[in-house]
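Since the structure comes first, as structure tokens, the remarks are kept for the end.
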Amino acid sequence: MNLTINGEVKHFEDGMNALDIAGKLPGDVKKTALAAKLDGQVISLVQPIQGDHVLELLTFDDEDGRKTLRHTASHVLAQAVLHLNPKAKLAIGPAIENGFYYDFDVEEPFTPEFLAQVEKEMARIIKRNERLERFELPRAEALAFCEKAGQPYKVELIQDLPQDAVISFYRQGDFTDLCAGPHLPSTGKVKAFKLTSIAGAYWRGDEHNKMLQRIYGTAFFDKESLDAYLQRLEEAKKRDHRRLGRELDLFAIFDEGPGFPFFFPKGMVLRNLLEDYWRQIHREHGYEEIKTPIILSRALWERSGHWDHYKNNMYTTRIDDQDFAIKPMNCPGGILVYKRKPWSYRDLPCRSGELGLVHRHELSGALHGLMRVRCFTQDDAHIFMTPEQIKDEIKGVYNLIDQVYSVFGFKYHVELSTRPENSIGTDEMWAQATDGLQGALDELGVNYVVNEGDGAFYGPKIDFHLEDSIGRTWQCGTIQLDMNLPERFDLTYTGPDGEKHRPVMIHRVVFGSIERFIGILTEHFAGAFPLWLSPVQARIMTITNRADQAALALQKQLEAAGLRNEIDLRNEKIGFKIREAQVQKVPYMLVLGDKEAESGMVSVRSRKAGDLGSMSAQAIIDAMVQEVKEKAL
């Protein structure tokens with residue numbers, strides 16, 4: 001057989017597998033290979049190959065290679081749990097972005113002590129280097145096999161498969177699991193793993209189903225990479241925005257409102273600074289701000305398609321015996337604003353922005369601080385334009401988003417998401433919309449990944465994934481091109497020919513959600529916000545009460561310069577006051593004692609640089625004002 005590997009055609013004997021082929025290639029390919037792709041399809045390294053194909057060997061550097069390793073780790077986890085608790089019922093155990101998990105139905109909740117036992121048992125299974133063997137069964141035999149094993153969740157999964165589906169299992173030693181695969185050749189390849197946490201999870205994510213016990217873990221190709229990842233996890237714990245939000249008195253979520261954040265005075269300063277910046281940059285880019293109602297009629301949501309495609313995530317109510325919904329998105333309101341008057345091609349593009357509060361019903365198990373909430377403010381904008389303006393407008397939006405992320409020091413990567421299965425609209429609309437987004441990215445020279453089938457139900461989209469200071473990524477900005485809603489709402493403009501034409505619509509956000517963006521910023525900066533964003537920019541502290549009058553005069557000077565400050569005149573030791581200000585991550589500490597009160601100077605400490613020595617009040621004020629003006633990081 002002839003196999004194309006890295007663009008080069010090589011001849012091998014029919015029936016060889018990818019692992020054997022890797023052994024005949026130069027370098028350490030056989031040692032590092034975890035799985036393979038045959039004509040784009042991921043396969044196990046030990047699957048026999050017949051005929052001519054394109055073969056790609058996958059390592060941990062490849063997403064599918066990582067998934068294969070971590071999926072096998074989840075099977076090792078399930079096997080270990082069954083060894084320790086034979087009555088456990090198995091649910092599902094997929095690989096996820098940074099690791100894997102497995103869900104179990106058990107009589108008693110798992111404990112940290114049990115997790116330690118599971119890790120030891122996993123290590124024994126890995127040491128035995130048990131082979132993973134794939135086999136298939138007809139539907140009736142597969143059902144009987146799982147029923148005999150006392151695994152009702154596997155029975156349910158088989159029953160939900162299409163009648164013509166191939167039903168496959170993987171066996172390793174005394175453990176067998178229903179699974180499509182692929183997997184590593186043996187358990188010994190799972191060399192570096194760690195179980196990280198226990199959580200509750202509803203079966204199939206449905207809160208009406210039974211709550212299961214979920215064990216999370218991660219696995220890497222080598223211990224060095226695992227240790228580096230675990231170190232990042234520890235750093236992430238220190239940066240947890242939920243803890244910092246309380247400690248810095250910014251925001252919190254109370255039991256009385258799960259998923260509904262409270263912002264405190266200092267948190268509102270931060271929030272308002274972000275919104276003010278949003279308004280400023282949108283004015284500069286030709287947007288006008290609008291505001292639309294929070295509750296709108298069912299008829300509107302039916303027309304937009306949300307009632308059919310999104311109803312389970314919407315909060316509904318009845319007013320005057322009619323159905324209404326609290327808006328989960330701002331788009332239909334923005335469309336009604338466009339429809340308020342006739343438009344000419346000379347008026348387009350029409351760019352309108354809204355900081356709109358939306359509500360979405362999220363499962364309680366999915367809620368996570370400000371990152372996943374039930375009400376949040378989307379920094380939406382909608383652009384209505386002619387088809388000829390698509391590329392220029394997409395490029396304009398891209399440049400605006402790039403400008404904003406640069407201010408916060410974020411690196412990012414871009415994904416283009418294409419048509420999903422539950423989409424609305426014609427093939428022609430989708431092709432034109434997708435070509436418009438792709439063409440704009442190509443003209444800008446942007447590197448991007450195509451994310452097949454992950455677009456919105458009404459159109460394709462460009463997603464921006466931010467990378468924070470410890471290497472995590474967050475999906476924030478998005479640009480969605482929509483030709484369906486203008487059709488559904490019969491939007492028009494008058495063209496140069498005097499006829500009515502259909503505009504094209506862009507939906508886009510920059511922050512994504514103000515709340516989530518604040519959570520990301522809090523973790524990115526570990527609560528030590530740059531000066532322009534810090535709720536308190538300086539704290540004035542006195543060494544003796546004889547400096548109180550000088551401190552109050554300095555406070556007036558700071559306020560006159562527009563600098564946010566606090567003053568600490570307490571009869572406490574200055575070291576205590578400084579430590580307290582550092583814990584609160586105040587950027588500048590301005591210390592006044594007898595000497596400073598007499599000389600008119602200020603002893604300045606910086607959160608980042610430490611003791612800066614004595615400066616005149618005007619000098620430190622000028623330096624701070626300039627730092628704020630530059631939005632320095």
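We're numbering straight along the sequence, starting at 1.
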- Return the minimal non-hydrogen interatomic distance between Tyr170 and Gly181, and the atom names on each side. CE1-CA, 3.5 Å

- Query: Asp427: what forms a side chain to side chain donor-acceptor pair (under 3.5 Å) with it, not counting sequence neighbours?
  - Reply: Arg419

- Taking the six-membered ring of Phe100 (Phe, Tyr or Trp), confirm whether the NZ or CZ of Arg70 is under 6.0 Å from its centre and within 45° of its axis. no

- Task: Over 60° means perpendicular and under 30° means parallel, so classify the ring planes of Phe220 and Tyr229, tilted if in between.
- Result: tilted

- Message: Using every non-hydrogen atom in the two residues, find where Phe464 and Thr478 come nearest and quote the distance to one decimal.
- Response: CD1-N, 4.2 Å

- Those residues that, when tested against Glu207, pass side-chain contact (heavy atoms from CB on, under 4.5 Å) (two or more places apart): Tyr202, His361, Leu363

- Would you say the side-chain atoms of Thr187 pair up with the backbone N or O of Ile125, donor to acceptor, closer than 3.5 Å? yes

- Message: Before we go on, tell me: are the rings of Phe511 and Phe517 under 6.0 Å apart, centre to centre?
- Response: yes

- Do Arg360's NZ or CZ and the ring of Tyr315 fall within the cation-pi criteria of under 6.0 Å and 45°? no

- Message: Hydrogens and angles aside, do Gln475 and Glu415 bring a side-chain donor and acceptor to less than 3.5 Å of each other?
- Response: no

Show me the side-chain donor-acceptor pairs of residues 82-91 shorter than 3.5 Å, one per line, residues at least two apart or across chains.
{"from": "His83", "atom 1": "ND1", "to": "Glu121", "atom 2": "OE2", "distance (Å)": "2.8"}
{"from": "His83", "atom 1": "NE2", "to": "Asp174", "atom 2": "OD1", "distance (Å)": "3.1"}
{"from": "His83", "atom 1": "NE2", "to": "Asp174", "atom 2": "OD2", "distance (Å)": "2.9"}
{"from": "Asn85", "atom 1": "OD1", "to": "Lys87", "atom 2": "N", "distance (Å)": "3.3"}
{"from": "Lys89", "atom 1": "NZ", "to": "Lys87", "atom 2": "O", "distance (Å)": "3.3"}

Enumerate, atom names and distances included, each donor-acceptor pair closer than 3.5 Å involving a side-chain atom of residues 368-376, sequence neighbours excluded.
{"from": "His368", "atom 1": "ND1", "to": "Arg242", "atom 2": "NH1", "distance (Å)": "3.3"}
{"from": "Arg372", "atom 1": "NH1", "to": "Glu362", "atom 2": "OE1", "distance (Å)": "3.2"}
{"from": "Arg374", "atom 1": "NE", "to": "Glu362", "atom 2": "O", "distance (Å)": "2.9"}
{"from": "Arg374", "atom 1": "NH1", "to": "Pro258", "atom 2": "O", "distance (Å)": "3.3"}
{"from": "Arg374", "atom 1": "NH2", "to": "Glu362", "atom 2": "O", "distance (Å)": "2.8"}

- Item | Any donor-acceptor N or O pair under 3.5 Å, side chains Thr418, Glu452 | yes

- Message: Show the nearest heavy-atom pair for residues Ile520 and Cys476, with the distance to one decimal.
- Response: CD1-SG, 3.4 Å

- Query: According to the interplanar angle, ranging from 0 to 90°, do the rings of His75 and His71 count as parallel (below 30°), tilted (30 to 60°) or perpendicular (above 60°)?
  - Reply: perpendicular

- Item | All pairs passing side chain to side chain donor-acceptor pair (under 3.5 Å) where residues 140-153 contributes a residue, at least two apart | Asp105-Tyr153

- Could you walk me through whether Glu523 and Arg472 pass side-chain contact (heavy atoms from CB on, under 4.5 Å), step by step? CA-CA 10 Å; Glu523 298 199 358; Arg472 298 171 301 179; 2.8 Å; yes

- Does one side chain, of Asn129 or Ser186, offer a donor that lies under 3.5 Å from an acceptor on the other? yes

- Cationic N near anionic O, under 4.0 Å, Lys237 to Glu234: yes

- Query: Side chain of Asp39, backbone of Val54: donor and acceptor closer than 3.5 Å?
  - Reply: yes

- Item | Pairing residues for Thr176 by the side-chain contact (heavy atoms from CB on, under 4.5 Å) criterion, not counting sequence neighbours | Phe135, Phe145, Phe169, Arg171

